[in-house]
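Residue numbers begin at 1 in each chain, while the letters A, B, ... track the order of the sequences.
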Amino acid sequence: MTSLPPGLLMIIVAAVLPFVPHMARQIVMLAAIALSAYGLVLGAGTHLVWDVLGFELVLYRADALSFPFAVIFHIAAALNVIYSWHDKHWSQHCAALSYAGAAIAALHAGDLITLFIWWEATAVTSVFLILAAGTLTARRAAMRYLIFQVLSGVLLLAGAAFYAANTGSIAFTKMTLGDTASWLIFIAFGIKAAFPLLNGWLQDAYPEATVTGTVALSAFTTKLAIYALARGFAGTEYLIWIGAAMTALPVFFAVIENDLRRVLAFSLNNQLGFMVVAVGIGSELALNGAVAHAFVHIIYKALLFMSMGAVLHQVGTIKASELGGLYRNMPFTMICCVIGAMSISAFPLFSGFVAKSLTMTALGDTGIMWAYFVLLFASAGVLEHSGIKIPYFAFFAHDRGFKTTEAPINMRVAMGIAAFLCIAIGVYPAPLYAILPFAVDYHPYDASHVTGQMQLLIFAMLAFVVLIRMRLYPPEIPSVVLNSDWFYRRLAPRIGLPVLRAVMLVWGSLLCQLRGFVEAFWLAIDRVMRSPVAGPTIPGPAALVQLLLLLVVLALGYVAAGV
Amino acid sequence: MTEKPTQKTADMQKMGRIFTKALLAIAVILAILEVFLHRHGVAAIEDSFMFPAIFGFFAFVFIVQVGKWLRRMIMRPEDYYEEGASDD
């Protein structure tokens, strides 16, 4: 039983969920998650291997790197079950549980083929969480999402094939970026990790999913990619560049985005940047930073998405231009949202602080100062969009006269647990540090670090107050903000369609010319047949054509002989 | 912005004032601490007086200003991508 790969049990249970009544279904799901988590007691080692066609498929390999991810994935799956408890229909529960299961199983894949299978499984299961929103916009976003996710899987498979051909092995271990195989795998990971220009799917699709679906989506796919990068490409210097760009660029988009769940999607992208930089550094401290950041990030990002989901669930909109003044209607949601906001902004005593400082210290140790200051700058950016914008425009800003109440109790329970974890980890990080891949001798709470971070945050908040008071802060405007998905949603059709039309036009006219030529040919034959010069000596048009063809062959023959 | 001055709006303005005062109070405490505490950072420049505060303040203003400028380039009406509906 325990030698089943963790997560697989969740997928099996997901298959029977449609046949279980509502209340029992929720309990069955929690039990499946608990049992799957119990499977982790086997500890480090290779626990399940299949020999297929001469290749070793390692279905269950656990080590110090996979363990913290497995723990937080189980926690996220359980939180999601509680948060979506009110949903009586089976479809989304089924999708969410199998999605979480696939992601957990992927963590324990010891070879590239097994990884590919679960990699694609996360794509196929998660897309239903977007489709379930039921709108045309969501359906289109879901299809674009699926195309990108499957593309990532196909690249991974291609990379694995090259890798197997080169090395004779499919084991998923540390790689060096250089040959075709490693680049293909790197880009496959990069799509799911939302690298710059490959990130369009994230901000496009996540905010279109259902209230509960977005919470599930925010946890797994991207962090699975971070795990894969940490295992395969730790210490790859490109990742520092890529990650730094990821931290800084989404910040500007998030300032002007009107859909608050899309603001969080930009923020998610920015957070992934911190982890990617940490993986790029590759030192023990940095990898600890990446893992710790992923761990706490899953909780506070889920918390923020849950609070915005609660607002959407109660009010029916999540646009900043339509929201405001909800602090009195939904005080509990507001407090949870603020806790999530303070955690992601890395206030001391909140979870973001104890994780992010690992990465920042590791980055400082490398001496790559430009990246250090980019990340410091991005920290102010995180405060701007996730720390201030989200709670401010949802719960304060303007009184829109909403007459609503708190979200269902199950949503509040899930938010409460997540908020508690955010503070608990921030106040007492030792248990988190204990499960990191490498031994930790790090104390985030030294006076200089705390005051430095407080200065950054408090004065950035003062900047916000000044801008608001001077009416210099950009107002909320109903709008869409163009992102890298514009290239394939707008530019490609705009350029592609005229080019296609031009090609078809040329092709059509060529066909027309050809038809005209054939007609003219037969017409000429006809004219010769009827002309009095020919007389009755020519037997028919067929003979004439043959004669002409023979002449052509003869001419060609002479030409060939002459050469 | 056609906002009626409701009770809630007044409350929010009051909360805003309290929040601002609290922020200023913490800012003053941090500035005082800066004098007594030897704060050190990763880079040499970080050790200069109130560096994170100045960096944070101007980074924030910069982000918002660039955002405003970016709006002119990449902000579109809400129905921009609504395929099929008056697309061309």
Side-chain angles (χ1 to χ4, degrees), chain A residues 137 140 251-256 258 324-325 327-328 360-361 363-365 369 372-373 376-377 379-381 383-385 396-399 401 447-449 451-469 472-475 477-483 486 489-490, chain B residues 1 3-12 15-16 19-20 23-24 26-27 29-31 33-34 37-47 50-71 73-84 87:
Chain A
T137 326
R140 285 174 170 162
V251 161
F252 302 110
F253 292 77
V255 180
I256 53 175
N258 190 40
Y327 73 98
R328 200 172 281 170
M360 294 305 276
T361 309
L363 189 53
D365 290 347
M369 278 303 132
Y372 178 80
F373 282 106
L376 205 61
F377 166 77
S379 305
L383 175 83
E384 200 289 321
H385 55 72
F396 304 99
H398 313 285
D399 178 19
S448 122
H449 194 171
T451 50
Q453 179 71 1
M454 282 303 282
Q455 278 189 26
L456 181 90
L457 295 173
I458 294 296
F459 279 80
M461 285 170 88
L462 277 174
F464 173 74
V465 171
V466 168
L467 290 172
I468 284 279
R469 299 245 154 171
L472 287 172
Y473 195 85
I477 300 175
S479 56
V480 293
V481 173
L482 304 186
N483 188 22
W486 178 81
R489 287 175 75 181
R490 193 39 84 93
Chain B
M1 223 61 64
E3 202 171 300
K4 283 187 222 101
T6 58
Q7 180 61 40
K8 211 187 228 176
T9 310
D11 282 357
M12 283 196 289
M15 275 157 48
F19 183 70
T20 309
L23 275 184
L24 284 171
I26 302 172
I29 294 170
L30 286 170
L33 273 179
E34 184 80 353
L37 202 88
H38 176 65
R39 194 179 46 74
H40 59 88
V42 173
I45 189 172
E46 279 188 273
D47 297 351
M50 295 296 274
F51 175 82
I54 297 162
F55 187 89
F57 188 91
F58 286 103
F60 196 100
V61 173
F62 176 75
I63 289 163
V64 173
Q65 280 305 319
V66 171
K68 279 165 85 174
W69 169 73
L70 207 59
R71 253 193 177 165
M73 284 171 61
I74 59 164
M75 190 175 77
R76 295 289 181 277
E78 265 187 319
D79 58 355
Y80 179 75
Y81 281 126
E82 308 263 303
E83 295 100 320
D87 201 5

Colleague: I need the residue from Leu376(A), Val255(A), Thr137(A) with the largest number of non-hydrogen atom pairs under 4.5 Å to chain B.
Modeller: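 Greatest number of close heavy-atom pairs with chain B: Leu376(A).
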
Colleague: Would you mind reporting whether Glu384(A) and Val251(A) have side-chain heavy atoms less than 4.5 Å apart?
Modeller: no

Colleague: Measuring heavy-atom distances to chain B, does Val480(A) have an atom under 4.5 Å in its side chain, in its backbone, in both, or in neither?
Modeller: both

Colleague: With respect to chain B, which residue among Ala254(A), Pro478(A), Gly401(A), Gly324(A) yields the maximal number of heavy-atom pairs within a distance under 4.5 Å?
Modeller: Pro478(A)

Colleague: With a distance cut-off below 6.0 Å to the six-membered ring centre and an angular limit of 45° from the axis, does Arg490(A) pair with Tyr80(B) as a cation-pi contact?
Modeller: yes

Colleague: Can you list everything that forms a side-chain hydrogen bond (donor to acceptor under 3.5 Å, both in side chains) with Arg328(A)? Sequence neighbours excluded, please.
Modeller: Asp11(B)

Colleague: Output the option from Leu383(A), Val466(A), Leu467(A), Leu462(A) having the highest count of non-hydrogen pairs under 4.5 Å with chain B.
Modeller: Leu462(A)

Colleague: Pick one of side chain, backbone, both or neither for Ile468(A), based on which atoms fall under 4.5 Å of a heavy atom in chain B.
Modeller: neither

Colleague: Can you tell me which portion of Tyr372(A) sits under 4.5 Å from chain B's heavy atoms? Options are side chain, backbone, both or neither.
Modeller: side chain

Colleague: As an exercise, state the distance from CZ of Phe57(B) to CE of Met461(A), rounded to the nearest 0.5 Å.
Modeller: 13.5 Å

Colleague: Given that the side chain runs from C-beta out, which part of Met454(A) has a heavy atom under 4.5 Å from chain B: side chain, backbone, both or neither?
Modeller: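 Met454(A) touches chain B through backbone and side-chain heavy atoms alike.
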
Colleague: Where does Met15(B) contact chain A at under 4.5 Å (heavy atoms): side chain, backbone, both or neither?
Modeller: side chain

Colleague: If you count the non-hydrogen atoms of other residues, nucleotides and ligands that lie under 6.0 Å from CZ in Phe51(B), is the total more than 12?
Modeller: yes

Colleague: Inspect the surroundings of CD1 in Ile54(B) and state if more than 12 heavy atoms from other residues, nucleotides or ligands are less than 6.0 Å away.
Modeller: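 Yes, CD1 of Ile54(B) has more than 12 neighbouring heavy atoms, counting only those of other groups under 6.0 Å.
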
Colleague: Can I get a per-line list of side-chain donor-acceptor pairs under 3.5 Å for residues 37-44 of chain B, giving both atom names and the distance, sequence neighbours left out?
Modeller:
from	atom 1	to	atom 2	distance (Å)
Arg39(B)	NE	Glu34(B)	OE1	3.0
Arg39(B)	NE	Glu34(B)	OE2	3.4
Arg39(B)	NH1	Glu46(B)	O	3.1
Arg39(B)	NH2	Glu34(B)	OE2	2.8
Arg39(B)	NH2	Glu46(B)	O	3.2
Arg39(B)	NH2	Ser48(B)	O	3.3

Colleague: What residue, out of Leu457(A), Thr451(A), Val465(A), has the most heavy-atom pairs lying under 4.5 Å from chain B?
Modeller: Thr451(A)

Colleague: With a 4.5 angstrom heavy-atom cut-off, which part of Phe464(A) approaches chain B: side chain, backbone, both or neither?
Modeller: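 Interface part for Phe464(A): both.
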
Colleague: Determine the interplanar angle of the Phe62(B) and Phe252(A) rings, folded into 0 to 90°, and report it as parallel if under 30°, tilted if 30 to 60°, perpendicular if over 60°.
Modeller: perpendicular

Colleague: Among the options Leu30(B), Ile26(B), Leu33(B), pick out the one with the most heavy-atom pairs lying under 4.5 Å from chain A.
Modeller: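 When all of Leu30(B), Ile26(B), Leu33(B) are compared, Leu30(B) has the most.
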
